[in-house]
Amino acid sequence: MATTGTESSNPKFTSTTTTTATPPIEASTSIPQLPNNTPATTSDINSNNGTTSTTSNTKSSTSNTSMDSDYDPFLGLSFKVGVAENKNTTFRNKMEDVHTYIANFAERVDWGYFAIFDGHAGKDTARWCGNNLHTLLEEEIDRSTDDSSSPPTTPITGKNDLRDDLYKCFVKADELIEKSGQGKSGCTAAVAVLRWESDIDEPKQHTKTENGGKFDFRPTKNHKRMLYTSNVGDLRIVLCRAGKAYRLTYDHKATDIHEISRIEDNGGLVLKNRVNGVLAVTRSLGDTYMKQLVIGIPFTTATEITAEDEFIIIACDGVWDVMSDSHACKVVQESFRHGLGPVQVAKKLCQLAIDLSTTDNVTVMVIKLDKDVFA
């Protein structure tokens, strides 16, 4: 298995494996154990092109955006998603988090797009990202693959690195947010894309409708499953592999020595662990009035997913302020062992953060991976 993590200040990636925060998984054949760091909804289900998408913009209590009916939007897919969020009325009078997930992303069978955006100084930027970032990324994917087939082929041949597309997508989003005039507010962002890749061009493999199989897409021996992540700010994406937690994001905070150096080199300063005494995060989308210092250049990773990978957690800092990566993974793992579904698990983790006295809005997304797809 191969995994790499990079952080960019330009399109040429620069390694950040020596940073002080928990590093990404290194490029290797095994994963080293990482230390623990304790530190009425707008919702659309769109079945066009076999795509399920949900974007949530407003919620004030612990809840989920999956449908409570016999309809399963993830039927035939090798993953299921559960989301829960809580405004945390004890400490917050506004909900500024937004989340989006899309099944069969970019019209490719069994791809997934998952994202949370944590707004500050208003919700406009977070809402804009929730509604538009996936479209920008899909455009970059189509442009870089030069795939003229309709619908596009499911596997992507090994010609492009989605980290390049994620980088371009974040940069483009920052430009468009500024032009739209919504950049007075800002948001942190964490985006994950799950997709199939192949080193050679192959015909699609469908089994559910043709042969009665469990999955809509059946990988061959030439396929590999890749998870790409990208983040700015302090949202986190954590992968649970064989019971262990591995962080795939980087906390861009004003307490990080490398981010402090970058800000000071660009004429800024950090006062009371805040950029120019204002923002606690050092990277975000929006915040155009501080763009010279609080940049939108993302940290990205690429991880090959195997049968050992159990689930992915994406959550805002309202969770990680009161819970370590490993603690969250243990809660999720135990909940799955007791038969809970992804929606129930996400709700449980969200409520746990509230019970542990987090002072922020809380949003949790749990993506359960089905290892049977590798059988």
Side-chain angles (χ1 to χ4, degrees), residues 1-6 17 22-34 74 76-82 101 103-105 108-114 154-163 166 190-200 202 204-208 213-231 236-249 299-314 325-326 328-330 332-337 342 345 365-375:
M1 96 121 238
T3 306
T4 55
T6 58
T17 55
T22 303
I25 299 173
E26 304 278 354
S28 65
T29 56
S30 62
I31 299 181
Q33 180 156 6
L34 303 181
F74 304 103
L77 302 179
S78 60
F79 61 87
K80 294 183 182 294
V81 182
Y101 62 82
N104 295 325
F105 174 57
R108 273 83 166 182
V109 180
D110 207 33
W111 283 28
Y113 169 94
F114 320 99
T154 295
I156 289 291
T157 53
K159 298 176 182 178
N160 73 306
D161 189 329
L162 190 63
R163 289 174 297 173
L166 285 165
V191 175
V193 177
L194 189 65
R195 74 176 187 178
W196 292 99
E197 297 179 2
S198 176
D199 292 331
I200 62 174
E202 305 183 77
K204 297 183 210 178
Q205 300 291 323
H206 297 274
T207 61
K208 188 182 73 169
K214 181 178 180 181
F215 302 107
D216 285 340
F217 176 75
R218 181 180 61 192
T220 70
K221 63 180 181 180
N222 298 311
H223 288 110
K224 61 181 178 180
R225 192 164 212 193
M226 295 298 298
L227 174 66
Y228 293 94
T229 70
S230 183
N231 87 287
R236 286 185 198 164
I237 302 174
V238 177
L239 173 69
C240 181
R241 170 170 292 179
K244 296 181 180 179
Y246 298 99
R247 191 184 305 176
L248 301 180
T249 47
F299 176 84
T300 61
T301 68
T303 305
E304 183 173 354
I305 296 299
T306 71
E308 287 188 312
D309 297 309
E310 303 171 44
F311 54 83
I312 303 159
I313 302 172
I314 307 177
D325 299 8
S326 61
C329 281
K330 287 178 181 178
V332 172
Q333 190 176 50
E334 285 298 313
S335 298
F336 281 138
R337 285 176 181 169
V345 173
M365 185 179 295
V366 176
I367 302 102
K368 185 178 183 181
L369 304 172
D370 194 330
K371 66 180 181 180
D372 289 346
V373 75
F374 295 103

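Bear in mind that the values here come from a model prediction, so they are computed numbers and not experimental data.
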Asp325 side, atom CG; Ile313 side, atom CD1 - distance, nearest 0.5 Å: 8.0 Å
Partners passing side-chain hydrogen bond (donor to acceptor under 3.5 Å, both in side chains) against Lys224 (at least two apart in sequence or in another chain): none
Asp370 and Lys214: CA distance, side-chain angles, deciding distance, salt bridge (Lys or Arg N to Asp or Glu O under 4.0 Å) verdict: CA-CA 11 Å; Asp370 194 330; Lys214 181 178 180 181; 2.8 Å; yes
For Gln333, all residues meeting side-chain hydrogen bond (donor to acceptor under 3.5 Å, both in side chains), sequence neighbours excluded: Glu310
Between CD on residue Glu304 and CZ on residue Arg225, distance to nearest 0.5 Å: 11.5 Å
Ring centroid separation Phe79 to Phe114 under 6.0 Å: yes
Sequence-distant partners of Ser230, side-chain hydrogen bond (donor to acceptor under 3.5 Å, both in side chains), two or more places apart: none
Salt bridge (Lys or Arg N to Asp or Glu O under 4.0 Å) against Lys368, all qualifying residues, sequence neighbours excluded: none
Beyond-backbone contact of Ile305 with Phe374, side-chain heavy atoms, under 4.5 angstrom: yes
Ring pair (Phe, Tyr, Trp, His ring centres under 6.0 Å) involving Tyr113 - partner list, sequence neighbours excluded: Phe105, His134
Atom pair CD1/CD1 of Ile314 and Ile237 - distance to nearest 0.5 Å: 4.5 Å
For Glu308, salt bridge (Lys or Arg N to Asp or Glu O under 4.0 Å) partners two or more places apart: none
